[in-house]
Amino acid sequence: MINIITSVATGLNWLIYVYSFVLVIYALLSWAPNLYHTAIGRLIVRISEPYVSLFRRLPLRIAMLDLSVFVAVVALQFIQQFIVIVANWLLQHL
């Protein structure tokens, strides 16, 4: 049981790390909008947009700066920390 909890927590942490990296690339693509139309750019947009769109509903624009991606990455980091806390609690109480 301990191995399963550790494996699941490690896997989720790895997925969150990779997805955070994809979100950073998505944000960097906005500096060169033509890159959105490449094959990799379209894939990154397809992967990132559903999650980032949740944060675009919030008033996160300051002048021409959109902080939606930044807040999305921070939210993922909170989720990652929550997973670590829950996994540690489960490991201590089993």
Side-chain angles (χ1 to χ4, degrees):
M1 185 68 160
I2 292 174
N3 289 337
I4 293 172
I5 293 170
T6 305
S7 296
V8 169
T10 302
L12 287 174
N13 280 332
W14 182 81
L15 285 173
I16 289 171
Y17 174 77
V18 170
Y19 196 66
S20 296
F21 187 70
V22 169
L23 290 176
V24 170
I25 293 171
Y26 175 74
L28 292 175
L29 286 177
S30 69
W31 293 354
N34 290 336
L35 294 177
Y36 283 132
H37 304 295
T38 64
I40 294 173
R42 286 191 301 269
L43 177 65
I44 290 172
V45 168
R46 196 175 318 141
I47 292 170
S48 303
E49 193 59 37
Y51 179 65
V52 173
S53 68
L54 297 173
F55 296 93
R56 287 225 170 91
R57 298 175 188 165
L58 303 173
L60 298 172
R61 285 188 171 261
I62 300 173
M64 294 196 53
L65 185 62
D66 185 10
L67 298 175
S68 300
V69 177
F70 175 74
V71 174
V73 171
V74 170
L76 278 178
Q77 298 306 311
F78 279 119
I79 293 168
Q80 187 175 30
Q81 290 301 313
F82 179 75
I83 290 169
V84 169
I85 290 169
V86 169
N88 285 335
W89 184 85
L90 286 172
L91 290 174
Q92 289 176 356
H93 290 87
L94 288 180

Which residues pass the salt bridge (Lys or Arg N to Asp or Glu O under 4.0 Å) test with R42, not counting sequence neighbours?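 Expected list: none.
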Could you go through residues 54-62 and list every donor-acceptor pair under 3.5 Å that involves a side-chain atom there, pairing it with any protein atom two or more places apart or in another chain?
unit_1: R56; atom_1: NE; unit_2: D66; atom_2: OD2; d: 3.2
unit_1: R56; atom_1: NH1; unit_2: E49; atom_2: OE1; d: 3.3
unit_1: R56; atom_1: NH1; unit_2: E49; atom_2: OE2; d: 2.7
unit_1: R56; atom_1: NH2; unit_2: Y26; atom_2: OH; d: 3.3

Who pairs with [X] by side chain to side chain contact (heavy atoms under 4.5 Å, CB included), at least two apart in sequence or on another chain?
X: I2; answer: T6, L91
X: M64; answer: none
X: I4; answer: V8

In terms of hydrophobic clustering (I, L, V, M, F, W, Y; side-chain heavy atoms under 4.5 Å; direct or indirect links), are [X] and [Y] co-clustered?
X: L90; Y: I16; result: no
X: L23; Y: I40; result: yes
X: V24; Y: V45; result: no

Residues forming a ring pair (Phe, Tyr, Trp, His ring centres under 6.0 Å) with W89, sequence neighbours excluded: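 With sequence neighbours excluded, W89 shows a ring pair (Phe, Tyr, Trp, His ring centres under 6.0 Å) to H93, given in chain and number order.
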Using 0.5 Å steps for rounding, measure from the CD1 atom of I5 to the CG atom of L94.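 Going from the CD1 atom of I5 to the CG atom of L94 covers 4.5 Å.
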Report the distance from atom CG of L28 to atom CD1 of I44, rounding to the nearest 0.5 Å.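 Between L28 CG and I44 CD1, I get 9.5 Å after rounding to 0.5 Å.
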Applying side chain to side chain donor-acceptor pair (under 3.5 Å), which residue pairs with at least one partner in residues 27-40 are found, sequence neighbours left out?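 Passing the test, one end in residues 27-40: no pairs.
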I'd like a table of donor-acceptor pairs (distance under 3.5 Å, sequence neighbours excluded) in which one partner is a side-chain atom from residues 69-88, with atom names and distances.
unit_1: Q77; atom_1: NE2; unit_2: S20; atom_2: OG; d: 3.2
unit_1: Q80; atom_1: NE2; unit_2: N13; atom_2: O; d: 3.4
unit_1: N88; atom_1: ND2; unit_2: V84; atom_2: O; d: 3.3

